[in-house]
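None of the values given here were measured: they were computed from a predicted structure. Proteins get letters first, then strands, A, B, ... in listed order; numbering begins at 1 in each.
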There are 2 protein chains.
Amino acid sequence: MQSLSTENYLKAIYHAAQFREGTVATTSIANKIGAKPSSVTDMFKKLADHNLVEYEKYKGVTLTTDGVKKALHIIRKHRLWESFLVSHLNFSWDEVHQVAEQLEHIQSEKLTNELDRFLDYPTHDPHGDPIPNRALFMKTHNKILLLDLPLNKEGVCVGVKDNSSDFLRYLDRRQIGIGTPILILHREEYDQSLHIQAGNSTLMITEKTAENIYVKP
Amino acid sequence: MQSLSTENYLKAIYHAAQFREGTVATTSIANKIGAKPSSVTDMFKKLADHNLVEYEKYKGVTLTTDGVKKALHIIRKHRLWESFLVSHLNFSWDEVHQVAEQLEHIQSEKLTNELDRFLDYPTHDPHGDPIPNRALFMKTHNKILLLDLPLNKEGVCVGVKDNSSDFLRYLDRRQIGIGTPILILHREEYDQSLHIQAGNSTLMITEKTAENIYVKP
DNA sequence: TATAAAATTTAGATTAGCCTAAATTATGTA
DNA sequence: TACATAATTTAGGCTAATCTAAATTTTATA
């Protein structure tokens, strides 16, 4: 029991569970997957039958230990492939997601582990997200939103919250990427915009941008 | 219209058509795909609706130009991935097929072409089969079966006809692989077995083995 | 060339994953 | 706390890809 659809649900539930405590609601998964709530209910039942989630009618789901393992395994593959695409196949960080969504479903332990070795056991993908290792353990940075970085304290960009192509390309244009040192020079009270120093240039960004960039202080 | 199943049928029809002239029969595809003939008939109709094959009831199918293109594109991906698995991920030639069967369905022109570039535009896969280039053109060796190699004339192993794991591992044990120089020293009339020189060692092989190895004289 | 055997197709059913519409349950607010 | 609204589930269908069993066509042979 590991269809493409099943795997996508497990991943979606895992990601949804990161956001908030407690159970994951039908509608939130429906939105992520792009399916109707009734379809999600069907799948919740099926996942519960296979002991991948705990499901109580009208109460949503939580992943079981098995469910978490499967989800992490898919995330591991997704992020390894993203790393490969960027490091060896000239993909940019805004292009990798769609292809990795396909590659993450390839079933071969040897492939996954050899890819990991070939990439020299990377700990983070091109967006700064942690890659579960073979034991499915991942190192998490203690990162904060750029918005919460104290004035004049240097941080380094270690990730993004919004992974959309639009946002990533916007960051490319502003020459902000993983590893870029960032300093907040001034907060404009009027419209919450920020004057920052990013790498060698000073520039202005909106509050919305600042709450989608992670930095390590 | 390009489901996983559709792609597998196109590939199977392409390969079946290599073997013999004329149309490809329902049963031959049923055997390759591992489906019942009635299912194959259904798919033949669907492929015909999409102008990927010419289909006449009770007469089998032939691929259209479009069908050939799609088949070659899948074969291109399959063989590029096999090459990658062997050259960079420590797979042996008997392990790659099953994984490449999955990878060949990944849809991304950029991925395929960048993989091609990364591998430095290989012309043949680990089994010696030609890889269609971006324009879907492939270089074919003028190879013959080892069985048909004249006595005491050196040939070089350039491919295999039987791609089964069992046969490939058998060749590994006999230290025969792509590039191995081979000479027929003696043909035993009694049981058609052959004494050959392969690389540095002399050994005996059966007729069956000799008709599954391709050599270039 | 009749006719038996083999190949192929048709008819009707099944399953997974989705849908819509209607019914049910939970939630938030007056 | 009652009740409107939102969330969720149920019931019943749909499609793609498969199947079995029966009918039809082709082929091979006596």
Side-chain angles (χ1 to χ4, degrees), chain A residues 1-17 19-63 67 70-71 74 101-102 104-105 107, chain B residues 1-13 16-17 19-63 67 70-71 74 101-102 104-105 107:
Chain A
M1 149 81 171
Q2 38 197 5
S3 72
L4 202 141
S5 189
T6 303
E7 296 196 340
N8 285 333
Y9 273 88
L10 289 174
K11 196 171 45 128
I13 295 167
Y14 181 90
H15 283 133
F19 263 85
R20 49 178 68 243
E21 284 299 299
T23 64
V24 172
T26 307
T27 323
S28 72
I29 296 304
N31 293 333
K32 266 197 215 292
I33 296 273
K36 299 295 164 187
S38 55
S39 308
V40 176
T41 300
D42 284 352
M43 186 56 92
F44 279 3
K45 287 179 186 167
K46 198 191 303 180
L47 293 172
D49 287 346
H50 289 83
N51 291 309
L52 296 167
V53 300
E54 304 269 358
Y55 170 53
E56 202 183 336
K57 256 195 208 177
Y58 295 102
K59 296 291 170 57
V61 290
T62 51
L63 289 173
K70 294 220 172 188
I74 299 158
E101 287 282 295
Q102 298 177 64
E104 72 189 5
H105 300 292
Q107 318 254 220
Chain B
M1 149 82 170
Q2 40 198 5
S3 73
L4 203 140
S5 190
T6 303
E7 296 195 342
N8 285 333
Y9 273 87
L10 289 175
K11 197 171 44 126
I13 295 167
F19 263 86
R20 51 176 67 245
E21 284 299 300
T23 63
V24 172
T26 308
T27 322
S28 73
I29 296 304
N31 293 333
K32 266 197 214 291
I33 296 272
K36 299 294 166 189
S38 55
S39 308
V40 176
T41 300
D42 283 353
M43 186 55 92
F44 278 4
K45 287 179 188 168
K46 200 192 300 179
L47 293 173
D49 287 347
H50 289 83
N51 291 310
L52 296 167
V53 300
E54 305 270 357
Y55 170 54
E56 203 184 336
K57 256 197 209 178
Y58 296 101
K59 297 290 170 59
V61 290
T62 50
L63 289 174
K70 293 220 172 188
I74 298 157
E101 287 282 295
Q102 298 177 63
E104 72 190 5
H105 300 290
Q107 317 254 221

With respect to A/Val53, which candidate in A/Thr62, A/Thr23, A/Ile13 satisfies the side-chain contact (heavy atoms from CB on, under 4.5 Å) definition?
->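 Result: among A/Thr62, A/Thr23, A/Ile13, A/Ile13 is the only option passing the side-chain contact (heavy atoms from CB on, under 4.5 Å) with A/Val53.
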Pick one: which of B/Leu10, B/Thr6, B/Ile29 meets side-chain contact (heavy atoms from CB on, under 4.5 Å) with B/Met43?
->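 Passing option: B/Thr6.
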Counting any heavy atom closer than 4.0 Å, what does [X] reach on the DNA or RNA strands: base, sugar-phosphate only, or nothing?
X       : value
A/Thr41 : base
B/Thr26 : sugar-phosphate
B/Ser5  : sugar-phosphate

Shortest non-hydrogen contact from A/Ser28 toward A/Ala16 =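 Scanning both residues completely, I find the closest heavy atoms to be OG-CB, 4.4 Å.
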Under-4.0 Å side-chain N/O to phosphate OP1/OP2 contact, [X] with [N]:
X       : N      : result
A/Lys45 : D/dT10 : yes
A/Lys36 : D/dT9  : no
A/Tyr9  : C/dC18 : yes

Tell me the interatomic distance from [X], atom [atom1], to [N], atom [atom2], rounded to whole angstroms.
X       : N      : atom1 : atom2 : answer
A/Phe44 : D/dT10 : CZ    : P     : 13 Å
B/Glu7  : D/dA16 : CD    : C1'   : 15 Å
B/Tyr58 : C/dT10 : OH    : P     : 6 Å
A/Lys32 : C/dC18 : NZ    : C1'   : 20 Å
A/Lys59 : D/dA6  : NZ    : C1'   : 16 Å
B/Ile29 : C/dT9  : CD1   : P     : 12 Å
B/Asp42 : D/dT20 : CG    : C1'   : 13 Å
A/Ile33 : C/dC19 : CD1   : C1'   : 16 Å

B/Tyr55 and B/Thr41, any side-chain heavy atoms less than 4.5 Å apart |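 With C-beta onward as the side chain, the pair touches.
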Could one point to a donor on the side chain of A/Ser38 or the base of C/dT20 with an acceptor on the other under 3.5 Å away?
->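 Indeed, a donor on one side and an acceptor on the other fall under 3.5 Å apart.
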More 5' along DNA chain C: B/Ala25 or A/Ser39, using each one's nearest nucleotide?
->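 With B/Ala25 and A/Ser39 compared, the 5'-side residue is B/Ala25.
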Salt-bridge present (A/Lys11, A/Glu101; N to O < 4.0 Å) |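 Yes.
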